[in-house]
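One structure is given below, encoded as structure tokens.
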Protein chains: 2
Amino acid sequence: MNKFFDNAGIIAIGSRLRMLSEKMVEDATKIYEMYNMDLKPKWFPVFYVLSQNNEKSITAIANEIGHSHPSVSKIVREMVKEQILCEKKDKNDGRKNNIKLTPKGKQMANQIKDQYLDVQKAVEVTLNQSRYNMWYAIEEFEFLLDQKSMFHRVKEEKKLREIKEVEIVPYEPKYGIPFKNLNEEWITTYFKMEETDRKSLNNPKEYILDKGGEIVVALYKKKPVGVCALIKMNDPHYDFELAKMAVSSEAKGKGIGLLLGKSIIKKAQSLGAKKLYLESNTVLKPAINLYHKLGFNKVVGHSTPYERCNIQMELVLD
Amino acid sequence: MNKFFDNAGIIAIGSRLRMLSEKMVEDATKIYEMYNMDLKPKWFPVFYVLSQNNEKSITAIANEIGHSHPSVSKIVREMVKEQILCEKKDKNDGRKNNIKLTPKGKQMANQIKDQYLDVQKAVEVTLNQSRYNMWYAIEEFEFLLDQKSMFHRVKEEKKLREIKEVEIVPYEPKYGIPFKNLNEEWITTYFKMEETDRKSLNNPKEYILDKGGEIVVALYKKKPVGVCALIKMNDPHYDFELAKMAVSSEAKGKGIGLLLGKSIIKKAQSLGAKKLYLESNTVLKPAINLYHKLGFNKVVGHSTPYERCNIQMELVLD
DNA sequence: ATTAATTACGTAATTAGTTACGTAAATGTA
DNA sequence: TACATTTACGTAACTAATTACGTAATTAAT
């Protein structure tokens, strides 16, 4: 068993915690017996809060000890049968079931104090014998998880690892089909293809590159999963339009859009651009977000050939 | 909930461990989903050992991961249904059910490697952000519990606390009844009362004290719970016999016998004794143990008035 | 004053483990 | 070689929690 933890390591931390907690509960049973306390370990949290408070409702107890209310409900029923607790409907609120210790329960609460002292000492001594205090360690770990869950942390690591396998390369004729398909994917799911789309997607060389524009392609594990174009504009205010940005749905969430955007902006700068322009639609929230992250700001009052455009943005380069 | 742990403190360590482990399992479910792995968290230990070993029997897996074998049996059945594992009777041993990964399972094992890496990194990063590394802390704690269980540790604390409430006082006439009853208790449970017993238990003054002997009484919370006598001997080899040592069954396990013994030996020394003698029976193992701890050694060849005596011991005082 | 939403809490079903027990195969022993 | 013991493992019952859901009481909103 220890071999398993040594091999699997940290990824088995959940199993390890469960086993340790089971071991503790097992010993707790024997400890209650030694002190002649007719209490099951699982009753302890309920018993404890009621010995500190005169009276509490089911949900109030559940919240305090971090159990679900049905769990408390069941525990209370068991303890009522053993005449440790008694129930009483709340006078002002007919839904509430107020629970408190019976005289027998109070006597037990008194009797158990020595046991608490001994257990506390024993655990403290054990913790103090170790270099890494487990009680503090758990406290810290819970605090860190409250700030950012383990799921969230793993997601971040995944992204970090995957982005290393992403490569941004210049357009080549062999990327013609992916260039078209990746763009069609998002356009047809949210809008419909327009005439202007068809032209530039079918003939990127003629409509984009030959006019002085650029296209970059994102490869993930050597396969094209994202594209982005820089289109030369005939406009006194803007040099280029950032357009035809697309990332395949399977490759989303890896930060590929950001890489494409940064790469195309760099290209624009190397071409001497001073100002970039783009058109989009506010339903594409992640895209708008990305454009903001890249430094684009909203502008108004430009004409557009696209029906789907309801937001226009610009980026001033230095 | 945190309030509960803050109040109850360390004695709720079992609950806290359980909750933390539940939180980890919850996140694990979401993590498997994110990687499109059709694995339940509870399958992980079985899956892991089988991806490290070609083939293993049910109990071999159970031992390695620290589960009961029915648990593994159930998990394996579920995974066989999902065609991740396959079973095969052992050729040499008809009882054994050898389990291994199917091709699908092997493919999953290969696919899951990235996930392992990410999870490991994420956990490591979290642990390194804390002052007390929880993984090491658990390792240490388990090590300490292996050496001495929490039950054992609590028992020791109990003894330490209780021994403070034990007082050894000299005999007084009011302890006549307890002196008799405490001795009758053990004699009648293991043997039967003999004439010599009756005499000295009914008339301790005449048969023990007036002949130059001593009696001490142990009080626990002011109540007499143990006695021990020092009886003057008419023997060239021995000054006194240690006898009539008795501790009430309710007060056993608090180390009262040791206190009584030490006290009576001290008394013997103050009376100038050079050598003590005692008689006992080997069925009384804790007693024999205690006599050894006090320094007594086995001797042979003395006559005794007691039927129940089958071991004789002496202690040389310096 | 109704109606809608929320809260309290019980019951039922589910989950992930356990212990208890029975059977068959293998192993040890007289 | 026969019989007892041990081992492997499945089934059943139990345990301690959960989620899902329904009902009644209270509170908020129109």
Side-chain angles (χ1 to χ4, degrees), chain A residues 1 12 14-30 32 39-47 55-81 85 87-99, chain B residues 1 12 14-30 32 39-47 55-81 85 87-99:
Chain A
M1 190 185 93
S15 293
R16 193 165 208 174
L17 284 167
R18 187 183 49 73
M19 281 180 192
L20 184 52
S21 111
E22 263 165 24
K23 196 190 263 177
M24 297 294 288
V25 169
E26 206 175 280
D27 265 33
T29 311
K30 289 198 282 175
Y32 283 114
L39 270 187
K40 292 190 195 175
K42 70 159 176 165
W43 294 353
F44 166 72
V46 170
F47 184 74
E55 199 176 66
K56 263 199 164 170
S57 71
I58 298 283
T59 25
I61 298 169
N63 281 330
E64 188 151 344
I65 67 176
H67 279 208
S68 64
H69 83 263
S71 163
V72 173
S73 176
K74 225 184 253 175
I75 290 171
V76 164
R77 210 181 317 142
E78 288 174 29
M79 293 176 79
V80 165
K81 210 159 84 189
L85 305 180
E87 313 176 79
K88 205 178 65 190
K89 273 258 173 284
D90 191 297
K91 269 179 188 147
N92 304 317
D93 188 338
R95 297 165 306 174
K96 280 189 180 165
N97 185 3
N98 288 321
I99 315 296
Chain B
M1 190 184 93
S15 294
R16 193 164 208 175
L17 285 166
R18 187 183 49 74
M19 283 181 193
L20 185 52
S21 109
E22 265 165 22
K23 196 190 264 178
M24 298 294 287
V25 170
E26 208 174 277
D27 265 32
T29 312
K30 290 199 282 174
Y32 284 114
L39 271 187
K40 292 190 195 177
K42 70 160 176 165
W43 293 352
F44 166 72
V46 171
F47 184 74
E55 199 176 67
K56 262 199 160 153
S57 70
I58 297 282
T59 25
I61 298 170
N63 281 332
E64 187 151 347
I65 69 176
H67 279 206
S68 64
H69 83 262
S71 164
V72 173
S73 175
K74 231 186 251 176
I75 289 171
V76 165
R77 211 181 316 142
E78 288 175 27
M79 292 175 79
V80 165
K81 212 159 80 187
L85 305 181
E87 313 175 81
K88 204 178 64 191
K89 273 258 172 285
D90 192 297
K91 266 177 191 153
N92 305 317
D93 188 338
R95 300 164 304 173
K96 278 191 182 164
N97 184 3
N98 287 323
I99 314 296

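Just so it is clear, the model here is predicted, and its values are computed rather than measured. First the proteins, then the strands, lettered A, B, ... as listed; each starts at 1.
When each of A:K91 and A:I75 is assigned the nucleotide of DNA chain D with its nearest heavy atom, A:I75 is the one assigned upstream, toward the 5' end. Between A:E87 and B:P41, the residue anchored nearer the 5' end of DNA chain C, judged by the nucleotide with its closest heavy atom, is A:E87. If A:N97 and A:E22 are placed on DNA chain C by their nearest nucleotide, the residue sitting closer to the 5' end is A:N97.
The distance between atom CH2 of A:W43 and atom C1' of D:dA17, rounded to the nearest whole Å, is 16 Å. One can place CE of A:M79 at 13 Å from P of D:dA16, the figure rounded to the nearest angstrom. Separating the CD atom of B:E78 from the P atom of C:dT15 is a distance of 9 Å, rounded to the nearest angstrom. Rounding to whole angstrom units, NZ of residue A:K89 and P of D:dT26 are separated by 10 Å. Here the P atom of nucleotide D:dT11 and the CZ atom of B:R77 are 5 Å apart, to the nearest Å. Rounded to whole angstrom, the span from the CD atom of A:E26 across to the P atom of C:dG17 amounts to 16 Å. Between the CE atom of B:M19 and the P atom of D:dA17 there is a distance of 8 Å, given to the nearest Å. For A:F44 and D:dA16, the CZ to P distance is 16 Å, given to the nearest whole Å.
Residue B:S57 has its side chain nearest to D:dC9 when only D:dA16, C:dA8, D:dC9 are considered. Distance from the side chain of B:R18 is smallest for D:dA17 among the nucleotides D:dA17, C:dA8, C:dA26. With C:dG10, C:dG17, D:dG10 as the candidates, the nucleotide lying closest to the side chain of B:S73 is D:dG10. Listed nucleotides C:dA20, C:dC9, C:dG10 differ in distance to A:P70; the shortest reach to its side chain belongs to C:dG10. Among C:dG17, D:dA16, C:dG10, the nucleotide with an atom closest to any side-chain atom of B:K42 is C:dG17. Across C:dT18, C:dG10, D:dC9, the shortest atom-to-atom separation from the side chain of B:H69 is found for D:dC9. Comparing D:dA17, C:dT18, C:dA25 against the side chain of A:H67 picks out D:dA17 as the nearest. Checking D:dC9, C:dA25, D:dT26 against the side-chain heavy atoms of B:R95 singles out C:dA25 as nearest.
Between B:K42 and B:I75, the shortest heavy-atom contact is O-CD1, 3.6 Å.
Residue-level contact check: A:D90 touches neither bases nor backbone, having no heavy atom under 4.0 Å from any strand. Among the atoms of the strands shown, base atoms are found under 4.0 Å from some heavy atom of A:S71. Residue B:N92 is in sugar-phosphate contact alone, with no base atom involved, counting any heavy-atom pair closer than 4.0 Å across all strands shown. Among the heavy atoms of the strands lying under 4.0 Å from B:T59 are primed sugar atoms or P, OP1, OP2 only; no base atom is included.
Within a 6.0 Å sphere centred on NZ of B:K81, heavy atoms belonging to other residues, nucleotides or ligands number 12 at most.
Between A:K74 and A:R77, the closest side-chain pair of non-hydrogen atoms falls below 4.5 Å.
No hydrogens or angles were tested; on distance alone, nothing pairs the side chain of A:K74 with the base of C:dG10 as donor and acceptor under 3.5 Å.
Of the candidates A:I61, A:T59, A:I99, A:V72 forms a side-chain contact (heavy atoms from CB on, under 4.5 Å) with just one, namely A:I61.
Salt bridge present: A:R18 and A:E22 bring a charged side-chain N and a carboxylate O closer than 4.0 Å.
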* B:K96 vs B:K91, side-chain contact (heavy atoms from CB on, under 4.5 Å): CA-CA, chis, key distance, verdict -> CA-CA 9 Å; B:K96 278 191 182 164; B:K91 266 177 191 153; over 6 Å; no
